[in-house]
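The first residue in the sequence is number 1, and the count goes up from there.
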Amino acid sequence: MNLRLRDDQQEALKARAEAEGRSMHAIVLQAIDRYLAEEADRATVRRLGAKYAAAHADLLRRLGK
């Protein structure tokens, strides 16, 4: 896989890596890991929300009135 960044992204990433004493590669991997974890959490929340909304639909309707 090749990752092509805009020039401004490349420069910002390079500056951040230098400031943190880390490689650009390490920062990109961390960003990907965070994104994947957040999306997994969102999917879990959506799934559980739908499950409990269906299970408690009557109560939610009554509370909404």
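The structure places CG of Leu3 at 9.0 Å from CG of Leu13, a figure rounded to the nearest 0.5 Å. The CD1 atom of Ile27 lies 7.5 Å from the CZ atom of Arg16; values are rounded to the nearest 0.5 Å.
Among residues two or more places apart in sequence or in another chain, the side chain to side chain contact (heavy atoms under 4.5 Å, CB included) test is passed with Gln30 by Arg22, Arg34. Under the salt bridge (Lys or Arg N to Asp or Glu O under 4.0 Å) criterion, Arg6 pairs with Asp8, not counting sequence neighbours. With sequence neighbours excluded, the residues forming a side chain to side chain contact (heavy atoms under 4.5 Å, CB included) with Arg42 are Glu38, Glu39, Arg46, listed by chain and number.
Taking all atoms of both residues into account, the shortest heavy-atom contact from Ala17 to Ser23 is CB-C, 3.9 Å.
Hydrophobic clustering of Ile, Leu, Val, Met, Phe, Trp and Tyr side chains at less than 4.5 Å, counting indirect connections, keeps Tyr52 apart from Leu63. Cluster annotation: Leu5 is connected to Tyr35 through the hydrophobic network of ILVMFWY side chains, with a link wherever side-chain heavy atoms come within less than 4.5 Å.
The environment of CG in Asp7 is sparse: at most 12 heavy-atom neighbours from other residues, nucleotides or ligands sit within 6.0 Å.
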